[in-house]
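See structure below.
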Amino acid sequence: MAQAAMDNWDLETDVIVIGSGAAGLPAAIRAVEGGASVLVVEANYDVGGHAILSGGHMALGGGTSAQKKYNIPDSPDTVFSDLTDWSIVQPNGTPDFRYNDRAIMRAFADHCAMAFEFLLANGVEFADKAPDNQGASTTGNSAPRENHAIWTKGAGLESPNAANGTSAIRPLEASARKKGVKFLLNYKMTHIIREPAAAGASRVIGITAQYNPHVMPGSSTPLKSFRSEGNIDSTQANMRLGARKAVIVATGGSTSHLEFRRMFDPRLTPEVQVGGEPYSYQDASGELAALAVGAALWGLNHQAMENGATMRAQRALATKYNYTTWKLESPIFPLVKSTGFNVKDWQDLILVNQVGRRFYDETKGDPPHGNNGHQVTPYTPNDHRNTEKLGYTPHKYNFIHAALAMNEYCEPPDYAAGPQWAIFDADAVTREGWKVVPPYVDPEGYFFSANTLGELAAAIKNEYQAKPMRGEILQATVDRYNSFVDSGVDADFAKPAPKYKIQRPPFYAAWGTVIVHDTRSGLRINGRCQVVDMAGQVIPGLYCAGESAGGFNQHGMGRCVTQGYICGADAAKLPRHE
Ligand SMILES: Cc1cc2nc3c(=O)[nH]c(=O)nc-3n(C[C@H](O)[C@H](O)[C@H](O)COP(=O)(O)OP(=O)(O)OC[C@H]3O[C@@H](n4cnc5c(N)ncnc54)[C@H](O)[C@@H]3O)c2cc1C
């Protein structure tokens, strides 16, 4: 690119942070506190990404003030030892920490208590109780490290879905704005710009971004952010944004990009939806833009290791976006279309594949992690006997993966396993108290009813259903299941004492397909979160934090916040290139 073109910026700042979620906001605050001018570029109409929808559970330890208050001994060395312990495996055999990058883990261990105090200093409040190990996972076994932010309606924390994570994100947002961080919302980064090699240092010097307004179906007015102080008001189609010090990729990962995610796991065909959509997308745009300027990927096996929290069971039935239970008041409800409904007792239904056959014990939830639930008691770091205490039972905990591995009706071009459907009857609706009308269900492809099972199978028409379910197969599946209720024994999948027959019309089919939740593999970074290229060299001026960064197999916000904390300060210290 010619020098003249590179200088032709629409806006210039010291540090550009791409993405305003769990990694981006801490990065922005740390950079502005370090004396840099900071611009956050966010594709969505408001800040927060997946983090603002999250459960607000935050895994941060290593000697936090909360741990000290409740006399919980912990230290950076203990965190490092825990999160590199090869002997911890999940009950399905997945080793949580064995392949973590040691440099990245050392940096995390050394900074995670500081990141916790940083959150407090920037207004985040956690429930005043002893940290535990509930909510997230892969936090390590030596000490409880989970802290919990709790959403309070009307506390200036307006949430896109009444989610606890809002109580972590809104205070960070308010603090960033107060400290002078600027926000360019509704702009999606399309390219990272790096000086040509001939220029010497070959720094990353800026990005391009495209205007991306969010207008809901049935409206002509783009959605507006909750806060506006510091927002840059622009509708220019394309912007060239210069960064005098650095660009930080905090775009949240790659699970929303069908082809990218299938590089790690070919089974992640289109029917598998993504937790956090349609509020924000982890569409690999950060990874792709960084790869285009020479970055390497890292820790690729983490994505396909069948981690308990990476793939998850549905949380709500009868709606496409079935991980989160969406609220009617959500500003994006016109996109979501239905709330879906939760299941109190998984005895009330069966789950079948796109052919109409059962594939697992419906009462099994997400596979547990090797360190949640105190299975390893007592825990001796790096002792091979830890594995024995976990009770290796792969057959019980691979149901999600069984669902994805199914072959019947698989068709070209991608041989997708297809949707999973919850099948139940009128009695189940009464027992559960479900409302089976819109907006609680989505009859346009995600919820069906009929007076016979044959008619129900024929009624199922969905964008991901390869061909119609055959009525005789569904009937045979239900007849066999009903016989298990009579005998008290599920001879196929060992569901404990099947309780209720599916027998009273109308019969129902509700979308209940598993989802992909986490990105666990991403750009190669070092301990400072600098992006590293294919020759193992740092790309000057380019950082990455959060789910877009590879090398760290941990679910959730703990690693994202901490990496944002690390790289924002580091970026601010770089020389300013005028
Ligand atoms: C429903 C739900 C519940 C969860 N609960 C928990 C929990 O309780 N505890 C926990 O630890 N974790 C939880 N998680 C996971 C947690 O939210 C994520 O791990 C975390 O938010 C990831 O942080 P991030 O900064 O990498 O990405 P995000 O928080 O997703 O932020 C990325 C941001 O980048 C923006 N972006 C993407 N591409 C571009 C682009 N090209 N240009 C500009 N902007 C872009 C996105 O719009 C988004 O705002 C939950 C996730 C979901 C979906």
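When a ligand or atom number is given, it counts from 1 through the structure's own listing order.
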Return all side-chain donor-acceptor pairs below 3.5 angstrom for residues 286-301, not counting sequence neighbours, or 'none' if the list is empty.
| unit_1 | atom_1 | unit_2 | atom_2 | d |
| --- | --- | --- | --- | --- |
| E287 | OE1 | S548 | OG | 3.4 |
| E287 | OE2 | S548 | OG | 3.3 |
| W298 | NE1 | D101 | OD2 | 2.7 |

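R106 has a carboxylate O that lies under 4.0 Å from a charged side-chain N of D110, or vice versa, which qualifies the two as a salt bridge.
Of the N and O atoms on the side chains of D283 and H257, not one donor lies less than 3.5 Å from an acceptor on the other residue. Donor-acceptor pairing under 3.5 Å is lacking for the side chains of Q530 and D570. For Y187 and N238, the side-chain atoms include no donor-acceptor pair closer than 3.5 Å. Side-chain contact, Q282 with H50: a donor N or O sits under 3.5 Å from an acceptor N or O. Using modelled atom types, one finds a donor on one side chain and an acceptor on the other under 3.5 Å when comparing E277 with S256.
In this structure, the ring of F116 has its center less than 6.0 angstrom from the ring center of F126. Ring centroids of Y323 and H517 are separated by less than 6.0 Å, placing the two rings close together. Aromatic rings from Y565 and F118 are positioned such that their centres are separated by under 6.0 Å.
For ligand 1, the atoms sitting less than 4.0 Å from at least one non-hydrogen atom of T324 are 1 (C), numbered in the order shown with element in parentheses. Set against the non-hydrogen atoms of G546, the atoms of ligand 1 under 4.0 Å away are 26 (O). The ligand atoms of ligand 1 that sit less than 4.0 angstrom from a heavy atom of A23 are 25 (O). Proximity to G276 (heavy-atom distance under 4.0 Å) selects the following atoms of ligand 1: 53 (C). Annotation for ligand 1: atoms under 4.0 Å from non-hydrogen atoms of S285 are 38 (N), 39 (C), 40 (C), 41 (N). Which parts of ligand 1 touch Y281 is read off a 4.0 Å heavy-atom cut-off, strictly below it: atoms 37 (C). Listed by atom number, the atoms of ligand 1 under 4.0 Å from A51 heavy atoms are 17 (O), 21 (O), 29 (O). In summary, the atoms of ligand 1 found under 4.0 Å from a heavy atom of Y187, numbered by their order in the structure, are 43 (C).
Contacts of T251 with ligand 1, taken as heavy-atom pairs under 4.0 Å, involve both backbone and side chain.
Residue H517 has no N or O atom closer than 3.5 Å to an N or O atom of ligand 1. Note: an N/O pair closer than 3.5 Å links M189 and ligand 1 by distance alone. Between Q282 and ligand 1, no pair of N/O atoms sits closer than 3.5 Å. Note: no N/O pair closer than 3.5 Å links S280 and ligand 1 by distance alone.
Within the set A43, C560, G55, G522, the minimum heavy-atom distance to atom 45 (C) of ligand 1 is found for A43. Of the listed residues (G252, G275, G286), the one carrying the non-hydrogen atom nearest atom 27 (O) of ligand 1 is G252. For atom 22 (C) of ligand 1, the choice among E287, E547, M58 with the nearest heavy atom turns out to be E547. In the candidate list R312, H50, H555, Q563, H555 is nearest to atom 15 (C) of ligand 1, counting heavy atoms. The closest heavy-atom contact to atom 23 (O) of ligand 1, among the options S20, A284, A22, comes from A22.
Ligand 1 does not have R559 within reach: every non-hydrogen atom of the residue lies 4.0 Å or more from it. At a 4.0 Å cut-off, not a single heavy atom of A59 sits close enough to ligand 1 to count as contact.
In this structure, R177 is positioned above the aromatic face of F183, its NZ or CZ under 6.0 Å from the six-membered ring centre and within 45° of the axis.
A tilted orientation is assigned to the rings of W511 and Y464, their planes being inclined by 30° to 60°.
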